[in-house]
Amino acid sequence: MLALTLLAAPLSAQGRSIARDYRAAADSLIRAATRDSAAYRRLGELVDRFGYRLAGSPSLEAAIDWILAEMRKDGLSNVQGEPVMVTHWVRGQESVDLVSPRRAPLRMLGLGGSVGTPAEGITARVLVVSSFDELDRRRAEARGRIVLFDAPFTDYGETRRYRTDGAVAAARAGAVASLIRSVAPFSIRSPHTGRVSYQPEVANIPAAALSNEDAMMLHRMQDRGDSVVVTLKMQARQLPDAQSRNVVAEVVGRVAPEEVVVLGGHIDSWDVGQGAMDDGGGSVAAWEAVRLIHKLGLRPRRTIRVVLWTNEENGVEGGQGYLERHRDDLTKHVMAMESDGGVFSPRGVLVAGTAPAVEVVRQVGQLLRPIGADRVTKVDSSPEADIEPMVTLGVPGIGLDVDGTRYFWYHHSDGDTLDKLDPAEMGRCVALMAVMAYVIADLPDRLPS
Ligand SMILES: [Zn+2]
């Protein structure tokens, strides 16, 4: 009992000192981030000027050029684009037409990375299954058919497997193409894209998502005993890898500038909607957090670096490229934080790190109580994809814990546009990122790793 008390005492003393030493700075950051809609307006300018930002596209590189120029105008230091080679996949024209039991166009989106079809398309009977297990049971029926996985949304991690692994499973069963019900819990007949995986020893067959409504209709037709036939046409193709960049800018530390706190989002998006939610919002929130730290003249002990990673969606090449470039100074990375769950109302953070690191983050989180974002939850693996290469090697990782109710309604669809976000909610995400980054960069003792 005594030993426990002695162990606990320094932590609460540290907690008291964090609360005491950083209350004023935290409050001024929260005020600056929530008093107007600056972040939301900047996000609007980004997505309205440049639209979606697919890896390899001119619009992604034009957006990066504009951000670099704006960051220099903001007065941030060491603003640069760090070169990264990225996958360059293009969609081209595409369609799914129902041929039998009646003729009708269906709503679809090809999956990122998919191969195309021959020019005349693929016309075949459809085998609708609800799961991988059902495909296994009906394997004999799949040969020469187009398999449609009509799997209802449960949670993203589980349902996403049909998008990533469906084409391989269907090809193994002898199918000529793979369709899925979109990975979304709610639909107004809007298809959702996302990356498909292939395996070298398995035939690469075309893969696309149908709107939930269309997938369910084909399933009902099959259940009635109709022969369901569709024609799938996709011009999708892979071009040679393209040059892109991770955007990097800093507020340089005043005591230990070589030690770095990283925060960011991914600047690329799928080629639908505006990529406002995924992940223009996270990118601009991190950028705005660092701009406010600079503008308020808060110069922390260590360096704060905003990183807008390129090509998360089609291969996490920006996150991997950042690690390769900074591998030698990885031990100088104190913490890495990313927002890629939509800048919705924040409740707190998810932390991957040791118990002592999580405890310090919990103390810092108390400073976010005024905006109701003080919840700190320990997680076992990286909370976001672009920081995962660093987190896997031991850098403490932080993700935003936001109200994700609506995220998958819009995710990877034409509905991912600015209006789905709220300026006040985004402002609270900016406040959270600014307070976390500034305080962790300024603590007298480095965050334990
Ligand atoms: Zn994302």
Side-chain angles (χ1 to χ4, degrees), residues 43 46-47 50-57 59-60 63-64 67 84 86-87 89 109 111-113 155-157 159-160 163-164 182-185 192-197 209 244 246-247 262-287 306-322 336-344 346 349-350 379 381-391 397-418 420-421 425-426 429 433:
L43 175 60
L46 169 71
V47 300
F50 302 101
Y52 60 69
R53 302 166 304 283
L54 183 67
S57 71
S59 66
L60 172 60
I64 289 172
I67 293 168
V84 181
V86 295
T87 298
W89 172 85
L109 274 174
L111 298 183
D155 71 74
Y156 184 63
T159 311
R160 178 180 59 175
R163 191 190 77 213
T164 55
S182 287
V183 185
H192 298 243
T193 189
R195 188 167 166 81
V196 63
S197 296
S244 187
N246 286 333
V247 172
V262 165
L263 70 160
H266 67 83
I267 188 55
D268 69 298
S269 74
W270 284 111
D271 56 339
V272 290
Q274 294 186 311
M277 186 193 74
D278 184 11
D279 181 29
S283 296
V284 174
W287 169 14
V306 55
V307 183
L308 308 186
W309 290 278
T310 192
N311 197 21
E312 187 270 346
E313 297 292 5
N314 216 353
V316 201
E317 287 161 321
Q320 200 56 44
Y322 182 88
M337 171 166 52
E338 179 172 13
S339 166
D340 187 21
V343 283
F344 296 108
V349 292
L350 308 171
V379 292
S381 56
S382 179
E384 295 295 357
D386 298 289
I387 59 174
E388 185 173 350
M390 287 188 272
V391 173
I398 294 181
L400 273 61
D401 178 0
V402 301
D403 174 5
T405 310
R406 289 165 290 158
Y407 184 72
F408 290 108
W409 297 5
Y410 312 121
H411 180 253
H412 298 182
S413 83
D414 258 325
D416 181 354
T417 49
L418 181 72
K420 305 309 187 304
L421 300 168
E425 293 185 357
M426 184 175 185
C429 289
M433 295 188 92

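Just follow the structure's listing: the first ligand is 1, and inside any ligand the first atom is 1.
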Quiz item: Does Phe408 CZ have over 12 foreign heavy atoms under 6.0 Å away?
Solution: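 Yes.
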Practice problem: List in chain and number order the residues that pass side chain to side chain contact (heavy atoms under 4.5 Å, CB included) with Asn311, two or more places apart in sequence or in another chain; answer none if no residue qualifies. | Solution: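 Result, side chain to side chain contact (heavy atoms under 4.5 Å, CB included) vs Asn311: Ala55, Val86, Thr87, Asp268, Asn314, Glu317.
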Quiz item: At distances under 2.8 Å, what protein N, O or S atoms surround the Zn ion (ligand 1)?
Solution: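 Correct list: His266 NE2, Asp278 OD1, Asp340 OD1, Asp340 OD2.
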Quiz item: Mind checking what makes side chain to side chain donor-acceptor pair (under 3.5 Å) contact with Ser197, not counting sequence neighbours?
Solution: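 For Ser197, no residue satisfies side chain to side chain donor-acceptor pair (under 3.5 Å) once neighbours in sequence are set aside.
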Quiz prompt | Shortest non-hydrogen separation from Gly399 to Glu384 and the atoms involved | solution =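 Nearest pair, atom of Gly399 first, then Glu384: CA-CG, 4.4 Å.
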Quiz item: Do Trp270 and His411 come close enough that some side-chain heavy atom pair is under 4.5 Å?
Solution: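 They are not in side-chain contact.
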Exercise. Quick one: list whatever passes salt bridge (Lys or Arg N to Asp or Glu O under 4.0 Å) with Asp414, sequence neighbours left out.
Key: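 Checked Asp414 against salt bridge (Lys or Arg N to Asp or Glu O under 4.0 Å); zero matches.
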